[in-house]
Engineer: 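If you scroll down you'll find the structure; I have some questions about it.
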Amino acid sequence: MSNQIYNSFFGKNPLLLISIVILILIYYIKSEKPFQYAHATINNKKENTKNNNELFTKPAITFDDVAGLDEVKEELIEVIDFINNIEKYRKMGAKIPKGILFHGPPGTGKTLLASAVAGETQSSFFVASGSEFVEKYVGVGAKRVRALFEKAKKEAPSVIFIDEIDAIGAKRHLDSNNEKDQTLNQLLIELDGFNTDQTVVVIGATNRLDLLDEALLRPGRFDRHMYIGNPNVRAREEILKVHTKNKPLDPSIKIEDLAKKTHGMSGAHLSNIANEAAIIAVRENKSIITINHFEQAIERVIAGLEIKNPTILLKEKEIVSYHEAGHALIAKILNTDIVQKVSIVPRGQALGYVLHMPEEDRYIMTKEELCNKIMVMLGGKAAEELIFNHLSTGAKDDLKKVTELAMKMVCDYGMSDLGYMSDNPAMIKVLGVEINKEMNKIINRCYSSTFQCLSDYKLELEKIANALMDRESLNNSELTDLLGDFIKPENHKDKDSLEELEAV
Ligand code: ATP
């Protein structure tokens, strides 16, 4: 059949077939999308000046807009001096640092810092994402890398920022993809080839430094690595100040208190919270932003959108009340974190939640403290079993987190009978059954301690659950008032569980 069609159309006129093929080829070449650099999506108080073809910006952001990160800024000041006083360094025969690599969790200000480097040096700022160079057709990614560097050299002094550099710079393997390899090779060539005359600084950013190819990290390429982590309490305070500077705040708001309540959050979270609080204030037709608006914003960012008019069965509401009461009571008893709020108002996918944060930033935790954390996470499940004598699906997320922590205790922190070694993926494969046994030991011991603890304080558990059924949410002081003078058991319960753990 297809032969017949072919013959009837092209049999007499093969030129027609050739013309169609040529037309298709022309269409393909023309339709290949030109490379577009991602525009800087910087939350800028001042206008970015875009050049005529919009491939780069001249950011007006300076280091004053980047709060905290003092040690990183200090390192970058040298690079800035290099760009601003290139002659001084040239005379000495010094070469400008070529590649700087920012690594760390998302939302911590890597893009903002890179744009501040460009702002401080009045350089042209080129922003590209590693994934933009990843193409199906061999050679296209490499062509784009070449075009980017050519343009940057023309507009020098320039700062090229390549976000998600792991998309092109990941380790090469034997089964590597040809297109990716060519793109990475081109990037290496460009890094080696510039900066004799032009002032071009390349800043790469990644959340996964461990994935990057050695060739990219060697001296002369991306050899300056700067870790940009989540801010500590002082940095959080400064970031919140930056993002509330132009907002009408209730004078009674203490930014340092807000900083304490936002433990573990990134700069992006904090800027989001400041913005959400302003939006909530507008929604409520208020002329100033109050602490209440900030609290709502924090909950919104941590726990997700509040579900209006949820349709939850009364029986399920009771289960959720006991579940959340279990978490909150164990946290209170073990004094692990400050319980800011316990609620059974559904948010996002959660039917209830407990907001709890440590009183201060912690960098080292003992085995005892980690076991306490596990006990708080198991509090919900244990409360359900104690009151309803059932196993339910409600503890799925808690169990996932518990399992992850127990795995770290065994494989990374040397806190089990398997010894003090740190297990790499190959060892985990070999020792799988043993590791599982150790993890189970930790989790089961913590669970029985949690269950025992809740049985001893069943009255308090019921008080919290009933109050939640009634009022839906309790904050820290309401919880403390409700529990009255109840005496916290000395840490002996937990120590017992640890001793048992060690004995097993
Ligand atoms: P990703 O790794 O996801 O690309 P990132 O580390 O590049 O994230 P940015 O895009 O720089 O993060 O930060 C997002 C936003 O968070 C910024 O636009 C800014 O509003 C805010 N922010 C983050 N860190 C800071 C900081 N140190 N000072 C002021 N604002 C900050």
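Whatever order the structure lists them in is the order used to number ligands and atoms, beginning at 1. Remember, it's a predicted structure, so these values are computed and weren't measured experimentally. Only this structure's heavy atoms are used, side chains among them; waters, hydrogens and symmetry mates stay out.
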Engineer: Within the 4.0 Å heavy-atom shell around Asp163, which atoms of ligand 1 are there?
Structural biologist: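 Per the distance check, 4 (O).
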
Engineer: Could you check whether Lys341 pairs with Glu324 (Lys NZ or Arg NE/NH1/NH2 to Asp/Glu carboxylate O, under 4.0 Å)?
Structural biologist: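 Result for this pair is no, no salt bridge flagged.
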
Engineer: Taking all non-hydrogen atoms of both residues, which atom of Ile289 and which atom of Ile253 are closest, and how far apart?
Structural biologist: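 So the two residues come closest at O-CD1, 3.3 Å.
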
Engineer: Step by step, work out the side-chain hydrogen bond (donor to acceptor under 3.5 Å, both in side chains) result for Thr290 and Asn292.
Structural biologist: CA-CA 5 Å; Thr290 65; Asn292 182 28; 4.9 Å; no

Engineer: Can we say Lys373 and Asp337 salt-bridge, meaning some charged N sits less than 4.0 Å from an Asp/Glu carboxylate O?
Structural biologist: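 Salt bridge: no.
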
Engineer: Hey, does Gly107 sit under 4.0 Å from ligand 1 if you only count heavy atoms?
Structural biologist: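 For ligand 1, residue contact (heavy atoms, under 4.0 Å) with Gly107 is present.
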
Engineer: N/O to N/O below 3.5 Å, does that happen between Ala268 and ligand 1?
Structural biologist: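 Ala268 vs ligand 1: N/O contact under 3.5 Å present.
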
Engineer: Using a 4.0 Å cut-off to any heavy atom of Ser271, which atoms of ligand 1 qualify?
Structural biologist: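 Here the atoms of ligand 1 in question are 20 (O).
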
Engineer: Below 4.0 angstrom from a heavy atom of Gly267, which ligand 1 atoms are there? Numbered from 1 as shown, please.
Structural biologist: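 Every atom of ligand 1 under 4.0 Å from some heavy atom of Gly267: 16 (O), 21 (C), 22 (N), 23 (C), 24 (N).
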
Engineer: Against heavy atoms of Thr108, which atoms of ligand 1 measure under 4.0 Å?
Structural biologist: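 Per the distance check, 5 (P), 6 (O), 12 (O), 23 (C), 24 (N).
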
Engineer: Any idea which part of Ile228 is under 4.0 Å from ligand 1, heavy-atom wise: side chain, backbone, both or neither?
Structural biologist: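 It is neither; nothing of Ile228 touches ligand 1.
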
Engineer: Describe, in one word, how the ring planes of Tyr89 and Phe82 are oriented to each other, choosing from parallel (under 30°), tilted (30 to 60°) and perpendicular (over 60°).
Structural biologist: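 Parallel.
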
Engineer: Of all the atoms in ligand 1, which lie at a distance below 4.0 Å from a heavy atom belonging to Leu112?
Structural biologist: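 Answer for ligand 1: 11 (O), 25 (C), 26 (C), 28 (N), 29 (C), 30 (N), 31 (C).
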
Engineer: What I want to find out is whether Lys151 reaches Glu155 closely enough, with some N-O distance under 4.0 Å, to be called a salt bridge.
Structural biologist: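 Looking at Lys151 and Glu155, the cut-off is met.
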
Engineer: At under 4.0 Å between heavy atoms, which part of Glu164 makes contact with ligand 1: side chain, backbone, both or neither?
Structural biologist: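 Neither; nothing of Glu164 gets under 4.0 Å from ligand 1.
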
Engineer: Of the side chain and backbone of Leu270, name the one, both, or neither that has a heavy atom under 4.0 Å from an atom of ligand 1.
Structural biologist: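 Under 4.0 Å from ligand 1, Leu270 contributes no heavy atoms.
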
Engineer: Any N or O of Gly109 that comes nearer than 3.5 Å to an N or O of ligand 1?
Structural biologist: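 It does: an N or O of Gly109 is found under 3.5 Å from an N or O of ligand 1.
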
Engineer: Checking contacts here: is it the side chain or the backbone of Pro106 that comes within 4.0 Å of ligand 1, counting heavy atoms only? Could be both or neither.
Structural biologist: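 For Pro106, the contact with ligand 1 is made by both the backbone and the side chain.
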
Engineer: Would you compute the distance between atom CD of Glu238 and atom CD1 of Ile255 and round it to the nearest 0.5 angstrom?
Structural biologist: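 One finds 12.0 Å between CD of Glu238 and CD1 of Ile255.
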
Engineer: Number the atoms of ligand 1 from 1 as they appear, then name those within less than 4.0 Å of a heavy atom of Asp65, with their elements.
Structural biologist: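 What qualifies from ligand 1 is 28 (N), 29 (C).
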
Engineer: Begin from the C-alpha positions of Arg224 and Glu78 and carry the test salt bridge (charged side-chain N to carboxylate O under 4.0 Å, His left out) through to its verdict.
Structural biologist: CA-CA 12 Å; Arg224 292 194 172 204; Glu78 194 187 308; 3.3 Å; yes

Engineer: Let me confirm one number: the OG-NZ distance from Ser123 to Lys58, rounded to the nearest 0.5 Å.
Structural biologist: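 It comes to 6.5 Å.
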
Engineer: Taking distance alone, with N or O pairs closer than 3.5 Å, would you say Ala67 contacts ligand 1?
Structural biologist: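 It does: an N or O of Ala67 is found under 3.5 Å from an N or O of ligand 1.
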
Engineer: Against heavy atoms of Asn207, which atoms of ligand 1 measure under 4.0 Å?
Structural biologist: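 Listed by number with element: 2 (O).
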
Engineer: Could you grab the distance from atom CG of Leu258 to atom NZ of Lys241, nearest 0.5 Å is fine?
Structural biologist: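 These two atoms lie 11.5 Å from each other.
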
Engineer: Is the contact between Ile239 and ligand 1 made by the side chain, the backbone, both, or neither, using heavy atoms and a 4.0 Å cut-off?
Structural biologist: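 Just the side chain.
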
